[in-house]
Engineer: 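Here it is: the structure, laid out below.
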Amino acid sequence: MRSVGDEVGTGMSSSAADLAKAGSPARMAYRDAVREAIRDAMKADPRVFLMGEDVGRYGGSYAVSKGLLEEFGPERIRDAPLSESAFVGAGIGAAIGGSRPIVEIMTVNFSLLALDQIMNNAATLSHMSGGQINVPIVIRLATGAGRQLAAQHSHSLEGWYAHIPGLRILAPSTIDDARFTLAAALACPDPVLLFEHLYLYNMEGELTAGLERVDLDHAAIRRRGRDVTLITYGWSLHKCLAAAEELAKEGIEAEVLDLRTLRPLDDAAIMMSVRRTRRVVIVDEGWRSGSLSAEIATRIVEQAFYDLDAPVARVCTAEAPVPYAKHLEDAALPSPARIISVVRGVVSGNGAH
Amino acid sequence: MRSVGDEVGTGMSSSAADLAKAGSPARMAYRDAVREAIRDAMKADPRVFLMGEDVGRYGGSYAVSKGLLEEFGPERIRDAPLSESAFVGAGIGAAIGGSRPIVEIMTVNFSLLALDQIMNNAATLSHMSGGQINVPIVIRLATGAGRQLAAQHSHSLEGWYAHIPGLRILAPSTIDDARFTLAAALACPDPVLLFEHLYLYNMEGELTAGLERVDLDHAAIRRRGRDVTLITYGWSLHKCLAAAEELAKEGIEAEVLDLRTLRPLDDAAIMMSVRRTRRVVIVDEGWRSGSLSAEIATRIVEQAFYDLDAPVARVCTAEAPVPYAKHLEDAALPSPARIISVVRGVVSGNGAH
Amino acid sequence: MKAPMNPPIAREHGLDLLREMLRIRSFEDRCYQLYGQMKIRGFLHLYNGEEAVAVGTMGGLRPSDAVVSTYREHGHAITRGIPMSAVMAELYGKQTGCSRGRGGSMHIFDVSRRFYGGNAIVAGGLPIAVGLALAQKLQRQSDITACFFGDGAVAEGEFHESLNLASLWKLPVLFICENNLYAMGTALERAQVETDITTKARAYRIDAAAVDGMDVLAVEEAVRDAVEKIRRGAGPALLEMRTYRFRAHSMFDPQLYRDKAEIEAWQKKGPLITLTTRLKALGLITEDDYQRLEREAANEVDSAVAFAESSPWEPVADLERFVYAERRG
Amino acid sequence: MKAPMNPPIAREHGLDLLREMLRIRSFEDRCYQLYGQMKIRGFLHLYNGEEAVAVGTMGGLRPSDAVVSTYREHGHAITRGIPMSAVMAELYGKQTGCSRGRGGSMHIFDVSRRFYGGNAIVAGGLPIAVGLALAQKLQRQSDITACFFGDGAVAEGEFHESLNLASLWKLPVLFICENNLYAMGTALERAQVETDITTKARAYRIDAAAVDGMDVLAVEEAVRDAVEKIRRGAGPALLEMRTYRFRAHSMFDPQLYRDKAEIEAWQKKGPLITLTTRLKALGLITEDDYQRLEREAANEVDSAVAFAESSPWEPVADLERFVYAERRG
Ligand SMILES: Cc1ncc(C[n+]2csc(CCOP(=O)(O)OP(=O)(O)O)c2C)c(N)n1
Ligand SMILES: Cc1ncc(C[n+]2csc(CCOP(=O)(O)OP(=O)(O)O)c2C)c(N)n1
Ligand SMILES: [Mg+2]
Ligand SMILES: [Mg+2]
């Protein structure tokens with residue numbers, strides 16, 4: 001795979017300049033990390049362009065692309081009309097035509113309007129053409145609930161998209177991943193969807209010193225533990241880490257596995273952790289039935305059934321359109337409190353068969 | 001729930017007349033059973049109408065609605081333009097407005113273009129409005145692969161749709177269900193999606209004498225067995241029944257459970273059978289990762305883990321866009337042969353933990 | 001653009017129009033404050049500047065007509081007759097809200113008033129409106145469906161499909177495009193090559209007219225004509241209301257895409273100023289009348305806020321209630 | 001509708017046009033037989049009657065231009081230069097098929113000839129074509145993208161969104177609407193209220209002309225003019241090719257929706273008859289020429305069938321090959 005580091009020397013230094021504003025060079029918000037990743041990519045490869053609703057003049061609905069129009073101009077930072085199917089399809093066509101589009105669908109909620117293009121074209125063209133065509137498009141989507149945006153603006157469909165062969169589904173959930181996943185995605189000849197949970201944009205953190213690239217293929221253990229494995233991704237990762245801290249006070253050491261890639265899944269990493277802890281809780285923000293957690297649970301049963309000391313448990317979103325009212329929305333979504341109580345049950349549960 | 005029988009007296013007799021052509025009054029093809037169900041509904045309730053592409057002049061792309069235009073006229077048998085999002089949304093609006101639309105989406109493959117209307121309106125309006133609105137729409141979709149229609153025309157997305165709260169997902173797989181599910185669906189105030197596998201249309205069978213209605217809520221055991229439970233639905237049901245016959249010759253008695261309803265799932269029926277046979281193979285035509293089989297397997301682990309003598313196994317479609325060539329397509333889809341070999345493995349596997 | 005005929009107008013009617021616009025204006029201004037106080041959360045899209053469109057349109061509809069709106073619908077809802085208290089309680093997320101707190105600002109519903117929401121998907125309401133009109137036609141009703149949407153929605157495929165369907169089947173739909181020149185930060189001319197929306201409507205053989213959306217009398221007149229034709233069975237009509245949004249798109253919008261001068265120029269021809277000036281010039285109202293209506297509106301908003309504040313929360317146990325209908329069949 | 005200028009035509013050129021149309025016709029007729037013999041399965045949509053559109057259009061394109069087609073694309077593929085043998089092998093589902101047997105009739109691809117498929121979703125190819133043209137423009141190429149679609153596709157939202165985008169960004173797209181009056185069994189006038197597709201195109205400020213799609217010379221001329229403007233950077237153009245499908249929509253279509261008389265009337269002005277009559281009248285070709293070209297075409301189809309028959313199957317082990325690219329990065 002193309003090495004990011006090789007290309008971003010200038011990107012890094014100029015980004016450093018920018019970031020000086022935000023404090024120490026190595027500390028930045030997720031939003032800025034994504035922006036820096038886009039800037040690097042634009043500088044490294046003239047074929048790269050960003051296209052989506054309000055990515056230009058407006059500065060991006062989550063301010064991710066703020067300043068990029070001024071830096072790269074309207075041809076490469078393209079404001080698109082409200083035409084999700086057409087501009088996503090146009091991204092697919094442009095990728096086939098030799099460009100390297102980064103298409104921003106403002107939120108996953110609107111991607112339903114482009115789903116035909118994503119499933120029937122982006123995901124199928126390579127196979128259906130006998131390998132003649134690659135579709136190196138990167139689609140970025142804000143995802144998730146928690147901001148009281150109500151039913152139509154609170155979907156978490158990344159696990160649902162992970163059902164589709166031909167797509168790669170990534171969920172960058174740390175500053176490092178926000179900073180470097182895009183380059184790896186652009187270097188990949190397959191269509192890649194990057195899901196950015198809207199709660200992550202304001203998250204600040206340290207960039208790992210010296211890190212210059214990440215891969216698209218592996219899950220990462222974000223916390224070591226021996227008693228139970230929390231399998232998760234996205235914003236739920238941070239809920240799990242918070243829960244793990246609490247549990248540690250009770251002497252329960254939870255391992256936290258950040259999937260990073262939702263399709264393909266890193267089975268090896270999942271099973272390795274499960275075999276060690278023998279207990280699993282899967283946390284994801286999708287509606288429970290048919291969520292990604294179901295696929296993960298099933299793979300564990302298929303591949304590590306006899307290593308389990310307790311049934312796999314999951315913490316997901318309630319089976320309802322996400323409501324507006326804060327107290328109802330909070331009750332609908334996974335929370336550290338719910339994670340903690342489910343973990344307690346799994347750990348205390350008698351594992352003898 | 002409204003009783004079908006109460007209303008279809010005339011429907012039944014006139015249908016009988018029709019069916020005389022097709023042989024004995026009680027014997028009919030699935031296609032004719034669906035048509036009779038539509039005719040009954042049209043006669044029983046003036047609010048009912050059928051809308052979709054080529055349902056009228058053309059007679060339905062699978063000849064389901066053949067003759068209905070002549071019988072009911074163009075106002076109630078409505079040919080729609082190629083505008084899936086608009087006519088599905090119009091069906092939703094008409095349902096809200098007091099009509100009882102049966103919307104035919106020619107195949108599930110084209111439903112992607114209407115998915116925003118289905119997920120963001122049909123599925124959410126009741127909850128989002130605090131219960132003020134019901135959306136009593138029935139959407140019929142042909143689904144499935146096996147006819148060498150290639151990647152864009154061979155989707156099996158019913159399990160994927162079953163992820164969406166607010167929808168009811170049904171898969172009528174027998175002549176009885178084809179004949180009577182529609183009436184129950186129209187009587188239900190919730191949006192109901194009926195998935196008709198394209199292989200079923202030509203299937204002939206006997207209508208159960210005296211049967212006048214079916215419900216939307218329960219799975220049905222189609223074959224009794226003690227050694228293993230095959231959980232399935234749709235066209236796969238018939239593959240499972242064929243496999244079960246073969247297995248019986250080897251002394252393996254498979255129970256075959258037809259889910260009938262994919263959302264909500266009939267957990268009680270699933271667990272009851274699993275507790276009896278202690279071994280499970282789930283067969284569905286969706287792509288393996290994230291298919292309905294994953295949700296079912298996970299629920300079994302959550303609710304009947306300690307009753308299992310072997311890991312849950314599944315037979316699904318290969319993780320690839322469905323190819324055109326017969327030999328490749330056959331290899332991609334579940335087959336009695338694959339079901340048989342997986343069952344053998346599950347039954348012979350040593351269940352001791 | 002159709003020039004208003006300046007028809008003779010009665011004092012009472014003038015006061016009614018002014019009252020409705022002031023009710024909306026003061027409701028929206030209060031929402032702005034309440035958002036700052038974190039009483040209202042989520043997305044909040046205010047209607048300031050566009051009041052004449054809602055008020056001039058609703059006046060031309062019957063209670064039995066259906067209305068489909070967008071996420072910028074407070075004005076439509078209030079002037080449709082939904083009590084401010086129920087709307088405000090919804091913005092608070094309270095059980096007494098018109099959607100029991102599940103919908104919030106973008107999902108105001110009141111079926112008793114045939115107000116079919118608040119839709120947060122741009123252009124998502126158009127097919128629903130077509131369907132409501134189809135039901136009206138199939139049921140031989142003389143009612144019509146009014147469908148509000150923005151200039152940005154015109155670029156969506158659903159606009160194209162819905163206008164064709166409504167025209168093909170001669171359905172009683174009044175399409176009301178609130179052209180405020182921007183879709184979030186994207187100016188109409190940078191999103192659509194044909195910026196005259198009436199031209200687009202005619203490509204579906206739909207009767208269309210552009211209207212000064214800052215002049216409530218012009219809106220009233222255009223709506224009256226269109227509705228009369230639609231009720232006669234002439235099929236759908238589209239009115240392009242030329243208007244402007246005085247506030248940011250939502251509460252998260254830094255407004256980098258337009259300059260103060262443009263905003264100020266539009267504010268000078270705002271709907272309240274336009275009507276008040278005319279009524280005063282005609283000697284139909286005095287400054288006192290204006291002050292009184294403004295006070296009344298403020299009082300109504302006060303009690304709506306008090307109602308919302310004192311209302312109970314929906315019990316958490318009811319989270320999954322209404323996902324499916326409670327009665328079957 | 002633009003009348004052809006009947007420009008002076010050279011014998012060789014006339015023969016080339018006739019040859020191409022005959023190649024398509026005899027390929028399609030053979031496909032029809034082979035379907036009956038179950039050598040070809042799945043959906044099969046034949047192009048009989050529409051040959052002039054493919055032939056007249058492809059002649060106006062460069063090898064470096066891109067082409068996006070539909071599920072009724074055999075004619076486009078063959079006259080684009082994809083060997084009949086590779087197309088026929090694809091219909092057989094063989095490894096030597098241009099899509100290695102994975103695509104079948106609806107998914108003919110040949111990237112070496114910039115033929116980007118065969119798309120089985122009505123209107124699904126339009127956004128792809130817009131994107132290919134966007135890449136051409138961003139890369140400062142002088143190439144253009146030709147996009148074929150039917151009259152039915154015009155009702156889809158993607159038509160609306162794609163035409164606006166192409167026109168807004170002045171992209172080099174030639175939209176070719178093959179208006180054969182029916183979308184499956186639905187006549188254009190029962191699906192769309194505005195049946196003049198050029199009128200719709202103009203609502204996006206796109207240059208549009210209607211062309212006699214049964215007259216290959218008229219098609220050639222219209223395409224030449226349009227392509228020349230597009231290459232000059234004038235933005236997209238749309239040509240409405242008025243044509244007719246002689247055979248059923250697919251092999252499952254009982255054709256209840258149109259009567260024999262209509263079909264026969266159109267057959268009388270079929271593209272082969274029209275061109276042959278003109279060339280003979282001008283004394284440019286003889287019946288012998290016609291017979292010879294017909295024989296040559298038949299022979300070419302024979303060897304394509306022989307090739308397909310004798311070709312190997314893709315190994316089942318390779319079922320999941322190409323789902324993801326084999327080289328990464
Ligand atoms: C399908 C879809 N795409 C994007 C958005 C995000 N969004 C919300 S409002 C808006 C602008 C809509 O502009 P317009 O239709 O003119 O209405 P206005 O806000 O000006 O009243 C956008 C892009 C959305 N809600 N739905
Ligand atoms: C989105 C979508 N809806 C429905 C279909 C089923 N279908 C296949 S071809 C066709 C008719 C298309 O007509 P037209 O665009 O005029 O092309 P033609 O077949 O006449 O060449 C339909 C409805 C489809 N393939 N895609
Ligand atoms: Mg606007
Ligand atoms: Mg056609």
Side-chain angles (χ1 to χ4, degrees), chain B residues 52-63 65-67 69-70 74 78-87 89 106-107 109-114 116 145-155 198 201 287-288 317-333, chain D residues 40-43 71 90-95 97 99-107 118-124 150-159 182-188 190-193 249-250 252-258 313-324:
Chain B
E53 290 159 12
D54 290 305
V55 295
R57 296 279 182 99
Y58 190 92
S61 56
Y62 294 97
S65 49
K66 198 167 171 189
L69 174 66
E70 295 67 19
R78 257 179 202 272
D79 279 320
L82 275 145
S83 303
E84 286 78 7
S85 194
F87 74 73
M106 194 180 282
T107 77
N109 310 289
F110 318 138
S111 72
L112 298 177
L113 291 161
D116 172 67
R147 289 243 181 269
Q148 291 189 252
L149 304 184
Q152 296 178 334
H153 274 52
S154 300
H155 295 306
L198 43 78
Y201 290 121
W287 291 303
R288 184 183 184 92
T317 291
E319 309 252 21
V322 178
Y324 162 72
K326 181 100 178 66
H327 66 299
L328 296 177
E329 183 179 41
D330 287 346
L333 304 177
Chain D
I40 301 174
R41 308 305 299 149
F43 282 150
Y71 47 84
E90 187 58 34
L91 304 192
Y92 268 67
K94 295 295 184 83
Q95 184 175 46
S99 305
R100 298 182 71 117
R102 285 169 175 74
S105 168
M106 303 196 289
H107 303 295
N119 197 307
I121 302 299
V122 170
D151 49 286
V154 173
E156 292 281 5
E158 287 185 322
F159 170 86
Y182 292 90
M184 265 179 84
T186 304
L188 178 56
R190 288 189 302 108
Q192 295 175 56
V193 67
H249 166 73
S250 73
F252 301 105
D253 170 11
Q255 300 195 68
L256 309 166
Y257 50 85
R258 60 181 192 178
W313 300 105
E314 182 88 336
V316 167
D318 287 355
L319 168 62
E320 295 186 14
R321 200 174 158 202
F322 307 126
V323 176
Y324 294 96

Engineer: For chain B, which of D:L188, D:V323, D:V122, D:D253 has the most heavy-atom pairs under 4.5 Å?
Structural biologist: D:D253

Engineer: I need the residue from D:A120, D:G97, D:S99, D:A191 with the largest number of non-hydrogen atom pairs under 4.5 Å to chain B.
Structural biologist: D:A120

Engineer: Find the one option among D:W313, D:F159, D:Y71 whose heavy-atom pairs under 4.5 Å with chain B are most numerous.
Structural biologist: D:W313

Engineer: For a quick test of reading the model, state the closest non-hydrogen atom pair linking D:E320 to B:A318 and the distance between them.
Structural biologist: OE2-CB, 3.6 Å

Engineer: Need one label for D:M184: side chain, backbone, both or neither, based on atoms under 4.5 Å from any heavy atom in chain B.
Structural biologist: both

Engineer: Under 4.5 Å between any side-chain heavy atoms of B:R57 and D:R258, yes or no?
Structural biologist: no

Engineer: I need the B:K326 NZ to D:R41 CZ distance, nearest 0.5 Å.
Structural biologist: 9.5 Å

Engineer: Mind checking the OH-CD spacing from B:Y324 to D:E314? Nearest 0.5 Å is all I need.
Structural biologist: 14.5 Å

Engineer: Looking at B:G56, B:A331, B:A325, which makes the most heavy-atom pairs under 4.5 Å with chain D?
Structural biologist: B:A325

Engineer: Ignoring hydrogens and angles, state whether a donor on the side chain of D:T186 or B:D54 is under 3.5 Å from an acceptor on the partner side chain.
Structural biologist: yes

Engineer: Provide the closest heavy-atom pair for D:L256 versus B:Y58 in the form atom of the first, atom of the second, distance.
Structural biologist: CD1-O, 3.6 Å

Engineer: Relative to chain D, which segment of B:L113 carries a heavy atom at a distance below 4.5 Å: side chain, backbone, both, or neither?
Structural biologist: side chain

Engineer: Checking heavy atoms, do the side chain of B:E329, its backbone, both or neither come under 4.5 Å from chain D?
Structural biologist: neither

Engineer: Enter the distance from B:L328:CG to D:D318:CG here, rounded to the nearest 0.5 Å.
Structural biologist: 8.5 Å

Engineer: Identify the heavy atoms of D:G93 and B:H327 that sit nearest to each other, and give their distance.
Structural biologist: O-CE1, 4.1 Å

Engineer: Is a donor on one side and an acceptor on the other found under 3.5 Å between the side chain of B:S83 and the backbone of D:A155?
Structural biologist: yes

Engineer: So, for D:L319 and B:A320, which heavy atoms are closest and what is the spacing to 0.1 Å?
Structural biologist: O-CB, 4.3 Å

Engineer: Under the rule for salt bridge (charged side-chain N to carboxylate O under 4.0 Å, His left out), what residues qualify as partners of B:E319, not counting sequence neighbours?
Structural biologist: A:R263

Engineer: Select one option (side chain, backbone, both, neither) describing which atoms of D:E156 are under 4.5 Å from chain B's heavy atoms.
Structural biologist: both

Engineer: Please enumerate all residues that pass side-chain hydrogen bond (donor to acceptor under 3.5 Å, both in side chains) together with D:E158, with sequence neighbours excluded.
Structural biologist: A:S85, A:Q117

Engineer: Drop me the distance from D:F252's CZ to B:R147's CZ, to the nearest 0.5 angstrom.
Structural biologist: 7.0 Å

Engineer: Relative to chain B, which segment of D:Y92 carries a heavy atom at a distance below 4.5 Å: side chain, backbone, both, or neither?
Structural biologist: backbone

Engineer: Would you compute the distance between atom NE2 of B:H153 and atom NE2 of D:H107 and round it to the nearest 0.5 angstrom?
Structural biologist: 7.0 Å

